[in-house]
Amino acid sequence: MNAARISQLALLGEAAECLEGAAIFVWDEDRNYVAANEAACVLVGKTHRELLPMKVGAMTADHAEPHFSTVQRGAVHTGPLQIDRADGPIEIDWMTSPTTIAGLPYMVSVCSRKEPA
């Protein structure tokens, strides 16, 4: 990998980490969270320490089915979802797509709080 490509990866990583208002979650085929930016923690009302041991969909009434079974089969998927925070439920919009990190398959979800109409 050349220096320009390494620089691009570093910039993209920092951009994702520092993104305000857009929660980014990375998770594996077993629905284990492996990474989340600070906005993700704010969105779900949990610390990294609380969030990372959780399973994707754990904060929804139906464990986010059938959405997450569908997205695990590939392609980009989007939709609305309600999550149950400690201070009450909120509506979010999400986009999930398969990705590869260090040659291994993962999913990346980008979520934001749905603004009231």
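Just so you know, these numbers use all the heavy atoms, side chains as well, and skip hydrogens, waters and symmetry mates.
Applying the side chain to side chain contact (heavy atoms under 4.5 Å, CB included) rule to P105 yields no partners; only residues at least two apart in sequence or on another chain are considered. Scanning for side chain to side chain contact (heavy atoms under 4.5 Å, CB included) contacts around S97 gives V76, M95, with sequence neighbours left out. Residues meeting the side chain to side chain contact (heavy atoms under 4.5 Å, CB included) test with R5, sequence neighbours left out: M1, N2, Q8, L9. Take Y106 and apply the ring-ring contact (aromatic ring centres under 6.0 Å, His included) test, not counting sequence neighbours, and it matches no residue.
Residue pairs meeting the side chain to side chain donor-acceptor pair (under 3.5 Å) criterion with at least one member in residues 39-49, sequence neighbours excluded, are T47-E50. For residues 96-105, there are no salt bridge (charged side-chain N to carboxylate O under 4.0 Å, His left out) pairs, not counting sequence neighbours. Sorted by first and then second residue, the salt bridge (charged side-chain N to carboxylate O under 4.0 Å, His left out) pairs with a member in residues 87-107 read R85-D87, D93-K114; sequence neighbours excluded. Sorted by first then second residue, the side chain to side chain donor-acceptor pair (under 3.5 Å) pairs that include residues 12-22, not counting sequence neighbours, number zero.
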### Query
Can L43 and I90 be said to form a side-chain contact (heavy atoms from CB on, under 4.5 Å), step by step?
CA-CA 9 Å; L43 180 71; I90 65 167; 3.9 Å; yes

Throw together a table of side-chain donor-acceptor distances under 3.5 angstrom for residues 34-42, partners on residues two or more places apart or in other chains.
unit_1: N37; atom_1: OD1; unit_2: I24; atom_2: N; d: 2.9
unit_1: N37; atom_1: OD1; unit_2: A39; atom_2: N; d: 3.4
unit_1: N37; atom_1: OD1; unit_2: A40; atom_2: N; d: 2.9
unit_1: N37; atom_1: ND2; unit_2: A16; atom_2: O; d: 2.9
unit_1: N37; atom_1: ND2; unit_2: A22; atom_2: O; d: 3.1

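Under a 4.5 Å side-chain heavy-atom criterion applied to ILVMFWY residues, the cluster that includes L11 comprises that residue alone.
Follow the hydrophobic side-chain contacts under 4.5 Å out from V26 and you reach L19 in the same cluster. Linking Ile, Leu, Val, Met, Phe, Trp and Tyr residues whenever their side-chain heavy atoms come within less than 4.5 Å places L81 and L51 in a single cluster. When hydrophobic clusters are built by joining Ile, Leu, Val, Met, Phe, Trp and Tyr residues whose side-chain heavy atoms come closer than 4.5 Å, directly or via intermediates, L52 is grouped together with I83.
Residues Y33 and W27 approach most closely at CA-CB, 4.1 Å, considering heavy atoms. Here the closest non-hydrogen pair linking W94 and C111 is CB-SG, 3.7 Å.
Note: T96 OG1 to M107 CE = 6.0 Å, rounded to the nearest 0.5 Å.
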